Novice: 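Structure in C-alpha cells, see below.
What you see is a predicted model, and the numbers here were worked out from it, not measured in a lab. Chain naming here is simple, since letters A, B, ... match the order of the sequence lines and numbering starts at 1 in each.
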Amino acid sequence: MAYWLIKSEPDEISFDDLLKAPDCTVAWFGVRNYQARNFMRDQMCVGDGVLFYHSSCAVPGVAGIAAVASGAYPDASQFDLASPYHDAKATPAAPRWVSVDVKALHKGNFVSLSALRTMASLDDMVLLQKGSRLSISPVTALEWHAIVAAVGGEGAVDGVLTTV
DNA sequence: GCCAACGTTGGC
DNA sequence: GCCAACGTTGGC
C-alpha cells in the first residue's frame, strides 16, 4: 500500500473529467519521464491512494482523491503517429512508456498549493521541494493523511483503498 | 511571458 | 563518460 501524487493540467484532464468518465476511471497516459515511469512500472499497485493535483493553471493544488485502478501496461500513445506523445524509438515489442488506470474516489475541498505550503507536516513533501517537476511523486502516509483531512475525504476513502 | 530548475541529447 | 546546448515544466 503506497500513496502518490499525480499532476494533471486541468485543461487536458481535470478531476471533474475523471468524475464524468465511465466508472470514474481514465487511463493515465503521456508520462514521458523515466523516474515517473519507473514509479508506475515498478511500484504502483491497484488500490494505492492518489492525490490528483492540478498544475499549470490559475490556482494549482490538490483537486481530489483517487486510486490506482490497474497495474502498468504499455501506453498506446507512444505508437500513435498522430499523438503528441508519439515516440519513434518505442515499438510494441519493446515499449518504453506505460500507463496505469486512475479512478476518482472523492472530490472535497480544493487544497491549493499555497495552502499546502502552510501545512507544517508537509515540509519534506517531494512536490513542495524547490525545482520539483516530477509528474508522479511518492507521498508518505503522514502527508497522505494530512492532505486527505484537508480535502475532507476520510469517510469516502476509508475502507476503499485496498491493502496490498 | 519570464525564468529557474531540471532532464535529455549528442559531439567529442 | 563529460558537459554544453537545448527543451520542458510549472509557478508566478
Novice: Describe, in one word, how the ring planes of A:Trp28 and A:Phe52 are oriented to each other, choosing from parallel (under 30°), tilted (30 to 60°) and perpendicular (over 60°).
Specialist: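 If you compare the ring of A:Trp28 with that of A:Phe52, the planes turn out perpendicular.
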Novice: Can you pull out how bent the helix from B:dG1-C:dC12 to B:dC12-C:dG1 is, comparing the axes over its first five and last five pairs, to 10°?
Specialist: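 The end-segment axes of the helix from B:dG1-C:dC12 to B:dC12-C:dG1 are tilted 10° relative to each other.
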Novice: List the residues meeting ring-ring contact (aromatic ring centres under 6.0 Å, His included) with A:Tyr53, not counting sequence neighbours, and say none if there are none.
Specialist: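 A:Tyr53 satisfies ring-ring contact (aromatic ring centres under 6.0 Å, His included) with no residue once adjacent residues are dropped.
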Novice: Which residue pairs pass the salt bridge (charged side-chain N to carboxylate O under 4.0 Å, His left out) test when at least one of the two sits in residues 3-16 of chain A, sequence neighbours left out?
Specialist: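 Qualifying pairs: A:Asp16-A:Lys107.
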Novice: Show me the pairs that pass side chain to side chain donor-acceptor pair (under 3.5 Å) and involve residues 120-135 of chain A, at least two apart or across chains.
Specialist: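 Checked against side chain to side chain donor-acceptor pair (under 3.5 Å) - neighbours excluded - no pair reaches residues 120-135 of chain A.
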Novice: Could you write nucleotides 1-9 of chain B as a row of B, S and -, 5' to 3', where a protein heavy atom under 4.0 Å of any base atom gives B, of only sugar-phosphate atoms gives S, and otherwise -?
Specialist: ----BBSS-
Novice: Among Ile, Leu, Val, Met, Phe, Trp and Tyr joined by side-chain contacts under 4.5 Å, find the other residues sharing a cluster with A:Trp97 and list them by chain and number.
Specialist: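 Noted: A:Trp97 shares its cluster with A:Tyr34.
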Novice: Just to verify, which of A:Arg96, A:Arg32, A:Arg41 counts as forming a salt bridge (charged side-chain N to carboxylate O under 4.0 Å, His left out) with A:Asp75?
Specialist: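 So, applying the salt bridge (charged side-chain N to carboxylate O under 4.0 Å, His left out) to A:Asp75 and each of A:Arg96, A:Arg32, A:Arg41, only A:Arg32 qualifies.
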Novice: Take A:Ser77 and A:Asp80 through the test side-chain hydrogen bond (donor to acceptor under 3.5 Å, both in side chains) and record every step on the way to the result.
Specialist: CA-CA 5 Å; A:Ser77 67; A:Asp80 180 357; over 6 Å; no
Novice: Once you round it to whole Å, what is the distance between P of C:dG10 and CG of A:Leu113?
Specialist: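 After rounding, the reported distance stands at 12 Å.
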Novice: So, applying side chain to side chain contact (heavy atoms under 4.5 Å, CB included) with A:Ile6, which one of A:Val68, A:Leu134, A:Val100, A:Val50 is it?
Specialist: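 Testing each of A:Val68, A:Leu134, A:Val100, A:Val50 against A:Ile6, the sole residue satisfying side chain to side chain contact (heavy atoms under 4.5 Å, CB included) is A:Val50.
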